[in-house]
Amino acid sequence: MGGINGTAVASLREALRGPVVGPQDPGYDEARSIYNAMIDRRPAVFAQCTDVADVQATLSVARDTGAELAVRGGGHSGPGLSLVDDGLVLDLTPMRWVRVDPEAKIVQVGGGSELGDVDHASHAFGLAVPSGIMSTTGVGGLTLGGGHGHLTRKYGLTIDSLLSADVVLADGSFVTASAKNHPDLFWALRGGGGNFGVVTSFTFRLHPAHTVGVAVTVWPVDRTPEVLRWYREFLPAAPEDLSGFFAVLAVPPGPPFPESIHGQKMCAVVWCYTGDLEGDRLEQVLAVVNEPAPPAFHFTTPMPYPGLQTMFDELIPKGLQWYWRGDFFDSISDAAVDVHSRYGEGLPTGLSTMHLYPVDGAAHRVGADDTAWAYRDAVWSGVIGGVDPDPLNAELIRQWCVDYWADLHPHSMGGSYVNFIGEQESADRVRATYRGHYDRLASVKHAYDPDNLFRANQNIPPATV
Ligand code: FAD
């Protein structure tokens, strides 16, 4: 295995317009700090790419040296896939730009952009791309994994709005993948993760979303069984204008929650309503929250869509300890209800949580084999996150997450959203993510990256032919 030496760094410095940052340079610690502070890796060098030419030059050095290569988008991956010890990081963070075409209702997005960049630029035209629930997440990793959030029931997964992607391939060539151009690559990019190339820009279809109805309902955690049994029937039958993810959590210590419930363990639903907000329509739609049990607190408000997208940013900033695992669910069995209830009561820290994100509605209208996403029949994508600021609690949150997952997994569909696979999970989990699509993905990998240059990801090794 090769590595990065002074000559390689010098050739990067000569070829790139963007900064090349090594351990001796100012900015090195900033470059290697990612969202999950549990990950502490020391790459040999960061190639901070400003354009396609920089990406091509960096890949050329990676091929020539045989160095371990990671591609960094927003740096939000739980297992820290954007960093490699002693290797070369192709850092896309300088490529944060967005261009909205309001006439055509499309948006082009640089490969290093964050979700908030897209929300901000698109909102000026009353438009949005369906994506994730936090503005600081990278467009790159989220989209390549599939992408789900508040608008999924209404407009589908993020990949369902992807029209094309500009990609630099392992051999340095540049292609635009779309339904017409390199359709096999375009299929694989929509869910197959970072396996196939460096996406320098994404083009998405935009959808109307300006002011949305936002609501948060919390019930005491001992009412989890009644609430979950009600939620599992109510949400899938609700109009696609309504989404609501279920959570177990501790109430955040701030507004809008009354002080009397700060820090208390609760189960909750965070709602987003894209229907008509005239009069007290939102309150009427959500009058049902009293059915399972009286809420400890229920709050509704109209909000600009970017307001909803940034609602959790301050609560869970960069720099916390994270350990997570996930699974897909097509139903929530009584046995699963019991597991959620038990681990909800046993939340180890104030920020640890479990979310069930709806992935039905519009996401179900895309054909099972039309994209690499292999769970069009799932109704929820679940994630268990052990979260805490204190590194001394790292083992506590990891163990809670692993135990919760082990008890819940038998009641799941068997595989997880690729972006919710945690650290120290096995290659079997990647196979379970892609089910019947795995072999086709391995063939596309063979066609576009036969030497597995892009392997710092949830890796799909090239098929041997
Ligand atoms: P990175 O760590 O930079 O990259 C992740 C992987 O993608 C790496 O393998 C990297 O090489 C690859 N990659 C990134 N950009 C590119 C590119 N341009 N070209 C090629 N490869 C690239 N997911 C959801 O779907 N919905 C949510 O609501 C959601 N909420 C989240 C909230 C939090 C707080 C966190 C931490 C994560 C959340 N996620 C959510 C998961 C998120 O989708 C993944 O963590 C995703 O990997 C983040 O992408 P990134 O670009 O920020 O990550």
Side-chain angles (χ1 to χ4, degrees), residues 34-39 41 49 52 55 59 69-84 89-93 95-96 109-117 130-152 157-159 165-170 177 188-189 191-202 243 245 270 272 308-309 311-313 315-324 326 351 353 355-359 363 373 381 383 385 387 416-422 430 449 453-460:
I34 54 171
Y35 189 76
N36 182 2
M38 207 183 269
I39 310 292
R41 299 204 182 109
C49 298
V52 169
V55 172
L59 292 185
L69 171 74
V71 177
R72 181 190 160 128
H76 257 232
S77 116
L81 296 171
S82 63
L83 296 179
V84 274
V89 177
L90 190 160
D91 185 349
L92 291 165
T93 48
M95 294 177 72
R96 279 180 73 172
V109 182
S113 304
E114 296 181 357
L115 303 186
D117 301 331
S131 64
I133 65 157
M134 279 199 52
S135 79
T136 54
T137 306
V139 173
L142 177 131
T143 302
L144 295 170
H148 53 60
H150 298 294
L151 299 182
T152 301
L157 301 170
T158 308
I159 48 171
D166 287 350
V167 192
V168 181
L169 301 173
L189 290 174
N195 276 282
F196 305 96
V198 181
V199 178
T200 51
S201 99
F202 297 87
S243 187
F245 74 81
V270 178
C272 170
L308 171 61
Q309 290 292 93
M311 205 161 83
F312 303 111
D313 287 1
L315 183 67
I316 39 175
K318 179 177 169 180
L320 304 173
Q321 307 282 307
W322 278 81
Y323 190 85
W324 72 37
L351 290 172
T353 189
H355 292 174
L356 290 170
Y357 298 109
V359 286
W373 176 276
S381 168
V383 66
V387 189
S416 155
Y417 176 31
V418 68
N419 283 342
F420 290 159
I421 297 179
V430 181
D449 183 16
L453 182 71
F454 302 111
R455 55 183 177 272
N457 43 43
Q458 300 300 352
N459 196 232
I460 300 166

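Just so you know, residue 1 is the first one in the sequence shown, and it goes up from there. Whatever order the structure lists ligands and atoms in, that order sets their numbers, starting from 1. Hydrogens, waters and symmetry mates are skipped; everything else that's a heavy atom, side chains included, is used.
Close contacts of ligand 1 with Asn457, meaning ligand atoms under 4.0 Å from a residue heavy atom, involve 9 (O). Residue Ser82 approaches ligand 1 through these ligand atoms, each under 4.0 Å from one of its heavy atoms: 2 (O), 3 (O). Here is the list of ligand 1 atoms found below 4.0 Å of a heavy atom in Leu81: 8 (C), 9 (O). Near Gly132, with a cut-off below 4.0 Å to any heavy atom, the atoms of ligand 1 are 26 (N), 27 (C), 28 (O). Residue contact check: Val198 has heavy atoms under 4.0 Å from atoms 19 (N), 20 (C) of ligand 1. Annotation for ligand 1: atoms under 4.0 Å from non-hydrogen atoms of Gly73 are 3 (O), 14 (C), 15 (N), 51 (O).
The residue from Leu90, Ile421, Leu144, Thr158 that puts a heavy atom closest to atom 22 (C) of ligand 1 is Leu144. Between Thr143, Ile316, Ile133, Thr136, it is Ile133 that holds the heavy atom closest to atom 30 (N) of ligand 1. Nearest residue to atom 1 (P) of ligand 1 from Gly138, Gly140, Gly385, Gly75 is Gly75 (criterion: closest heavy atom). Nearest to atom 27 (C) of ligand 1 by heavy atom, out of His148, Glu114, Met134, is His148. Taking each of Asn419, Leu142, Val71 in turn, the one with a heavy atom nearest to atom 40 (C) of ligand 1 proves to be Leu142. The closest heavy-atom contact to atom 37 (C) of ligand 1, among the options Trp324, Tyr417, Phe245, Tyr35, comes from Trp324. When Gly326, Gly146, Gly141, Ser131 are checked for heavy-atom proximity to atom 6 (C) of ligand 1, Gly141 turns out nearest.
For ligand 1, none of its N or O atoms has an N or O atom of Tyr357 under 3.5 Å away. Taking any N or O of Gly149, backbone or side chain, none lies under 3.5 Å from an N or O belonging to ligand 1. Not one N or O of Gly78 is nearer than 3.5 Å to an N or O of ligand 1, by distance alone.
Nearest protein heavy-atom contact of atom 5 (C) of ligand 1 is Ser77 CB, 3.7 Å. Counting only heavy atoms of the protein, atom 17 (C) of ligand 1 lies nearest to Leu92 CD1, 3.7 Å. Ranking protein heavy atoms by distance to atom 36 (C) of ligand 1, first place goes to His76 ND1, 3.3 Å. Of all protein heavy atoms, the one closest to atom 9 (O) of ligand 1 is Ala456 O, 3.2 Å. Among all protein heavy atoms, the one lying closest to atom 20 (C) of ligand 1 is Gly197 O, 3.3 Å. In terms of protein heavy atoms, atom 50 (P) of ligand 1 is closest to Gly74 N, 3.4 Å. When hydrogens are left out, the protein atom nearest atom 18 (N) of ligand 1 is Val199 O, 3.0 Å; that is the closest non-hydrogen contact. Nearest protein neighbour of atom 42 (C) of ligand 1, counting heavy atoms only, is Thr137 CG2, 3.8 Å.
None of Val139, Thr143, Leu115 except one satisfies the side chain to side chain contact (heavy atoms under 4.5 Å, CB included) rule with Thr158; the exception is Thr143.
A side-chain donor-acceptor contact under 3.5 Å links Arg41 to the backbone of Gly80. In this structure, Asn419 contributes its side chain and Gly141 its backbone to a donor-acceptor pair below 3.5 Å. Under a 3.5 Å cut-off, the side chain of Ser77 and the backbone N or O of Leu81 do form a donor-acceptor pair. Counting only distance, with no hydrogens or angles, the side chain of Thr152 and the backbone of Gly149 share a donor-acceptor pair below 3.5 Å. A donor-acceptor pair is defined here as one N or O able to donate and one able to accept, closer than 3.5 Å; no such pair exists between the side chain of Asp166 and the backbone of Thr200.
In this structure, Phe454 has no ring-ring contact (aromatic ring centres under 6.0 Å, His included) partners at least two apart in sequence or on a different chain.
Side-chain atoms of Met38 and Trp322, non-hydrogen and from C-beta on, never get closer than 4.5 Å to each other. Side chains of Leu308 and His150 form a contact here, defined as non-hydrogen atoms less than 4.5 Å apart. Between Asn195 and Asp449, the closest side-chain pair of non-hydrogen atoms is not below 4.5 Å.
Asp313 and Ser135 form a side-chain donor-acceptor contact under 3.5 Å, judged by distance and modelled atom types alone.
For the pair Tyr417 and Gly145, the tightest heavy-atom approach, listed with the atom from each and the gap, is CE1-O, 3.2 Å.
Aromatic ring orientation, His148 versus Phe420: perpendicular (interplanar angle above 60°, classes split at 30° and 60°).
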